[in-house]
Peer 1: 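This is the structure I have questions about; it appears just below.
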Amino acid sequence: MHRIAVIPGDGIGPEVIPVAVDVLEAVAAHRPGLDFEFEWHDYGAERYLRDGTGFPDAEREAIAERCDAIFLGAVGDPRVPGNEHARELILETRFKLDLYVNLRPCRLLDPRLCPLKDKGVDDVKFTVFRENTEGLYVGVGGVFKKGTADEVAIQSSVNTAKGVERILRAAYEFARMSGAKKVCMSDKSNALRYGHDIWQRSWKRIAAEYPEIQSSHLYIDVLAMQLVRVPEEFEVIVTSNLFGDIITDLGAALQGGLGVAASANLNPDRGIGMFEPVHGSAPDIAGRGIANPTASVLAAALMLESLGHPAEAALVEKAVESALREGATTADLGGSMDTAGARAYLLTEVARLASGM
Ligand code: NAD
Ligand code: IPM
Ligand code: MN
């Protein structure tokens with residue numbers, strides 16, 4: 001039995017996460033050995049505005065002890081200035097549970113979805129290893145003379161030997177295990193003389209330990225260009241926190257948009273992971289029942305895989321592929337379905353695939 005803490009969050013989170021949970025239930029219904037217990041949590045903007053609760057440390061730790069995974073929708077609400085609750089729910093969970101691997105697969109599941117299809121791009125399949133606990137995200141810095149003409153704002157980038165090495169190693173180990181032949185490390189060491197020189201030195205040392213893997217380096221600006229020019233050239237990309245954030249929205253676009261991009265926050269040693277779509281709370285479409293649930297469903301597939309059920313994860317991915325192939329999709333992918341219609345198609349398809357296995 002897998003116990004999952006579900007936090008739908010804000011905006012479209014509560015519209016898409018229940019679809020993914022229903023998909024997981026549908027898979028489990030056909031697999032006698034697979035069983036989930038979902039515990040639902042109301043953390044998010046409403047709760048924060050009501051009683052000031054973001055995501056208390058004690059509750060996060062208790063969930064980490066009690067549960068096998070956290071399944072998060074999206075957080076962010078224009079009514080919460082600075083999105084303080086989002087920081088506690090996403091960033092502090094990544095930091096405090098030490099989920100240092102942010103694994104973001106970028107797979108073009110249907111060639112028609114690629115915005116570069118007219119340029120002959122039909123095979124995008126790379127995985128980004130984004131460092132998830134350091135860099136510019138750590139909140140080290142401060143302001144001086146705030147609100148005056150002399151204001152100083154400092155936001156420091158933290159790069160530790162341990163932190164850089166472990167994400168590089170995770171990317172290379174993944175390449176080795178998955179049979180990928182190439183790893184590309186991306187930084188901005190030509191400008192960031194201290195913070196990214198440590199990436200250069202660690203990378204050279206670790207790359208040498210994997211002689212069977214073709215290692216390359218691109219500065220992040222060039223990587224952004226190459227991902228648009230020749231995305232099919234990439235297999236595994238490893239980079240720092242902020243760069244990984246930016247490059248994975250680009251990767252999402254290559255797959256068909258934020259509606260299909262999924263993400264896993266992992267600590268290979270500790271066990272518990274947090275799974276989420278790459279997209280945010282999408283306030284511009286929230287409440288209309290038109291959000292694409294695919295990213296959350298694919299995040300659920302990542303969760304299945306991480307919990308030790310690769311065949312079931314593949315089944316969910318197959319159901320998504322059928323939906324894309326048949327055009328059984330929401331409007332962001334060119335379909336005419338709403339969230340409920342997309343859900344119904346996926347549930348039928350999961351049941352069909354599962355009973356045929
Ligand atoms: P966003 O990802 O929420 O939306 C960007 C665009 O993509 C919007 O036009 C939106 O309608 C569209 N979109 C996103 N997901 C979609 C889906 N499933 N189906 C159809 N269309 C979809 O990014 P944003 O607008 O910059 O951010 C909104 C809020 O979400 C902000 O508060 C931001 O901080 C937060 N955010 C949260 C997360 C997270 O919880 N993991 C991630 C990114 C942004
Ligand atoms: C993501 C999001 C978050 C990030 C935000 C909401 C803090 O954009 O998960 O990609 O920057 O990591
Ligand atoms: Mn992002």
Side-chain angles (χ1 to χ4, degrees), residues 7-20 43-45 48 54-55 70-95 99-104 106 113 128 130-139 155 239-253 255-266 274-300 302 320 323-324 329-343 346:
I7 308 176
D10 305 331
I12 62 169
E15 299 175 40
V16 291
I17 288 297
V19 176
Y43 298 113
Y48 186 76
F55 193 23
I70 300 173
F71 192 36
L72 176 72
V75 280
D77 188 302
R79 294 171 302 168
V80 182
N83 274 322
E84 185 55 33
H85 70 301
R87 186 181 166 80
E88 287 184 27
L89 278 157
I90 300 189
L91 299 184
E92 289 192 8
T93 298
R94 292 173 182 166
F95 299 157
L99 306 175
Y100 65 89
V101 174
N102 191 191
L103 182 149
R104 296 190 157 183
C106 181
L113 294 180
V128 177
R130 167 191 182 191
E131 201 293 318
N132 216 21
T133 53
E134 303 195 339
L136 272 162
Y137 273 66
V138 294
Q155 192 88 44
T239 191
S240 57
N241 207 338
L242 180 63
F243 295 169
D245 176 48
I246 297 167
I247 221 75
T248 53
D249 265 32
L250 199 165
Q255 291 169 273
L258 280 167
V260 296
S263 165
N265 303 268
L266 306 167
M274 177 166 72
F275 300 83
E276 49 172 342
V278 172
H279 66 69
S281 54
D284 55 337
I285 58 163
R288 292 165 54 196
I290 58 169
N292 189 346
T294 308
S296 296
V297 171
L298 291 173
L302 285 176
V320 167
L324 301 179
T329 61
T330 45
D332 54 307
L333 299 182
S336 57
M337 285 181 161
D338 57 6
T339 311
R343 169 185 176 276
L346 286 169

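Since this is a predicted model, take the numbers as computed values, not measurements. All ligand and atom numbering here is 1-based and tracks the order in the structure.
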Peer 1: Can you find a pair of side-chain heavy atoms, one from Leu324 and one from Leu333, that are under 4.5 Å apart?
Peer 2: yes
Peer 1: So if I count the atoms of ligand 1 from 1 in the order they appear, which ones are less than 4.0 Å from some heavy atom of Ser281?
Peer 2: 3 (O), 28 (C), 29 (C), 30 (O)
Peer 1: So, the side chain of Thr330 versus the backbone of Thr339: is there a donor-acceptor pair under 3.5 Å, distance only?
Peer 2: no
Peer 1: I need the minimum non-hydrogen distance between Gln255 and Ala261, along with the two atoms involved.
Peer 2: OE1-CB, 3.6 Å
Peer 1: I'd like to know if the side chain of Ser296 and the backbone of Ala20 have a donor-acceptor N/O pair within less than 3.5 Å.
Peer 2: no
Peer 1: Between Asn265 and Asn102, is there a side-chain heavy-atom distance shorter than 4.5 Å?
Peer 2: yes
Peer 1: Considering only heavy atoms from C-beta outward, does the side chain of Arg130 approach that of Asp245 to under 4.5 Å?
Peer 2: yes
Peer 1: What is the nearest protein non-hydrogen atom to atom 7 (C) of ligand 2, stated with its residue, atom name and distance?
Peer 2: Leu91 CD2, 4.0 Å
Peer 1: Hey, is atom 1 (C) of ligand 2 touched by any protein heavy atom at less than 4.0 Å?
Peer 2: yes
Peer 1: At what distance is the nearest protein heavy atom to atom 33 (C) of ligand 1, and which residue and atom is it?
Peer 2: Val75 O, 4.4 Å
Peer 1: Is the backbone N or O of Ala74 less than 3.5 Å from a side-chain atom of Glu276, with the two atoms forming a donor-acceptor pair by type?
Peer 2: no
Peer 1: Examine ligand 1 and decide if any of its atoms is less than 4.0 Å from a heavy atom belonging to Ala86.
Peer 2: no
Peer 1: Nearest protein heavy atom to atom 5 (C) of ligand 1, by residue and atom, and its distance?
Peer 2: Leu258 CD1, 3.8 Å
Peer 1: Within less than 2.8 Å of the Mn ion (ligand 3), any N, O or S from Asp245?
Peer 2: yes
Peer 1: Against heavy atoms of Pro283, which atoms of ligand 1 measure under 4.0 Å?
Peer 2: 28 (C)
Peer 1: Which atoms from ligand 1 have a heavy atom of Asp332 less than 4.0 Å away?
Peer 2: 20 (C)
Peer 1: Show your reasoning for whether side-chain contact (heavy atoms from CB on, under 4.5 Å) applies to Asp249 and Val278.
Peer 2: CA-CA 8 Å; Asp249 265 32; Val278 172; 3.6 Å; yes
Peer 1: Could any protein non-hydrogen atom be found less than 4.0 Å from atom 36 (N) of ligand 1?
Peer 2: yes
Peer 1: Touching ligand 2 at all, Arg130? Heavy atoms, strictly under 4.0 Å?
Peer 2: yes
Peer 1: Using a strict cut-off of 4.0 Å, indicate which atoms of ligand 1 neighbour a heavy atom of Gly76.
Peer 2: 32 (O)
Peer 1: If I compare all heavy atoms of Ala295 with all of Ala262, which pair ends up nearest, and what's the gap?
Peer 2: O-CB, 3.6 Å
Peer 1: Considering heavy atoms of the protein only, find what lies nearest to atom 10 (C) of ligand 1 and give residue, atom and distance to 0.1 Å.
Peer 2: Asp284 OD1, 3.4 Å
Peer 1: Minimum distance, heavy atoms only, to atom 38 (C) of ligand 1: which one of Ala291, Ala286, Gly280 is it?
Peer 2: Gly280
Peer 1: For residues 82-91, which side-chain N or O atoms pair as donor and acceptor with protein atoms under 3.5 Å away, sequence neighbours left out?
Peer 2:
residue : atom : partner : partner atom : Å
Asn83   : OD1  : Asp77   : N            : 3.0
His85   : NE2  : Asp10   : OD2          : 2.8
Glu88   : OE1  : Phe55   : N            : 2.7

Peer 1: Among all the protein's heavy atoms, is there at least one whose distance to atom 19 (N) of ligand 1 comes out below 4.0 Å?
Peer 2: yes
Peer 1: Does at least one non-hydrogen atom of Val16 fall below 4.0 angstrom from an atom of ligand 1?
Peer 2: no
Peer 1: With a cut-off of 4.0 Å, which atoms of ligand 1 are near a heavy atom of Ile90?
Peer 2: 39 (C), 40 (O), 41 (N)
Peer 1: Got the closest protein heavy atom to atom 8 (O) of ligand 2, with its distance?
Peer 2: Asp245 OD1, 3.2 Å
Peer 1: Answer with yes or no whether Asp10 contacts ligand 1, where contact means a heavy atom under 4.0 Å from a ligand atom.
Peer 2: no
Peer 1: In a check of side-chain contact (heavy atoms from CB on, under 4.5 Å) between Arg343 and each of Val19, Asp338, Val16, which one passes?
Peer 2: Val19
Peer 1: How far is atom 11 (O) of ligand 2 from the closest protein heavy atom, and which atom is that?
Peer 2: Tyr137 OH, 2.6 Å
Peer 1: Does Ile12 reach ligand 1 with a nitrogen or oxygen that is under 3.5 Å from one of the ligand's nitrogen or oxygen atoms?
Peer 2: no
Peer 1: Does the protein put a heavy atom less than 4.0 Å from atom 2 (O) of ligand 1?
Peer 2: yes
Peer 1: Looking only at distances, please establish whether an N/O atom of ligand 2 is found under 3.5 Å from an N/O atom of Arg94.
Peer 2: yes
Peer 1: Minimum heavy-atom separation for Gly259 to Thr294, with atom names?
Peer 2: O-CB, 3.4 Å
Peer 1: Enumerate the atoms of ligand 1 whose separation from the nearest heavy atom of Ala74 is less than 4.0 angstrom.
Peer 2: 40 (O)
Peer 1: Looking at atom 12 (C) of ligand 1, is any protein heavy atom nearer than 4.0 Å to it?
Peer 2: no
Peer 1: Side chains of Leu346 and Val320: closer than 4.5 Å at any heavy-atom pair?
Peer 2: yes
Peer 1: Identify, for atom 34 (O) of ligand 1, the protein heavy atom at the shortest distance, and state residue, atom and that distance.
Peer 2: Asn83 ND2, 4.0 Å
Peer 1: Going by heavy atoms in the side chains, are Thr329 and Asn292 under 4.5 Å from each other?
Peer 2: no
Peer 1: Does any N or O in the side chain of Thr133 come within less than 3.5 Å of the main-chain N or O of Phe95, such that one atom is a donor and the other an acceptor?
Peer 2: no
Peer 1: Taking distance alone, with N or O pairs closer than 3.5 Å, would you say Ile285 contacts ligand 1?
Peer 2: no
Peer 1: Taking the side chain as C-beta and beyond, is there a heavy-atom pair between Leu266 and Phe275 under 4.5 Å?
Peer 2: yes
Peer 1: Considering only non-hydrogen protein atoms, determine which one is nearest to atom 6 (C) of ligand 2 and report residue, atom name and distance to 0.1 Å.
Peer 2: Ile90 CD1, 4.0 Å
Peer 1: Rounded to the nearest 0.5 Å, what separation is found between the CZ atom of Arg94 and the CG atom of Leu99?
Peer 2: 9.0 Å
Peer 1: Run the numbers for me: atoms of ligand 1, each under 4.0 Å from some heavy atom of Glu276, listed by number.
Peer 2: 41 (N)
Peer 1: For ligand 2, note which part of Arg104 has a heavy atom under 4.0 Å away: side chain, backbone, both or neither.
Peer 2: side chain
Peer 1: How far is atom 14 (C) of ligand 1 from its nearest protein heavy atom, and which residue and atom name does that atom have?
Peer 2: His279 CB, 3.6 Å
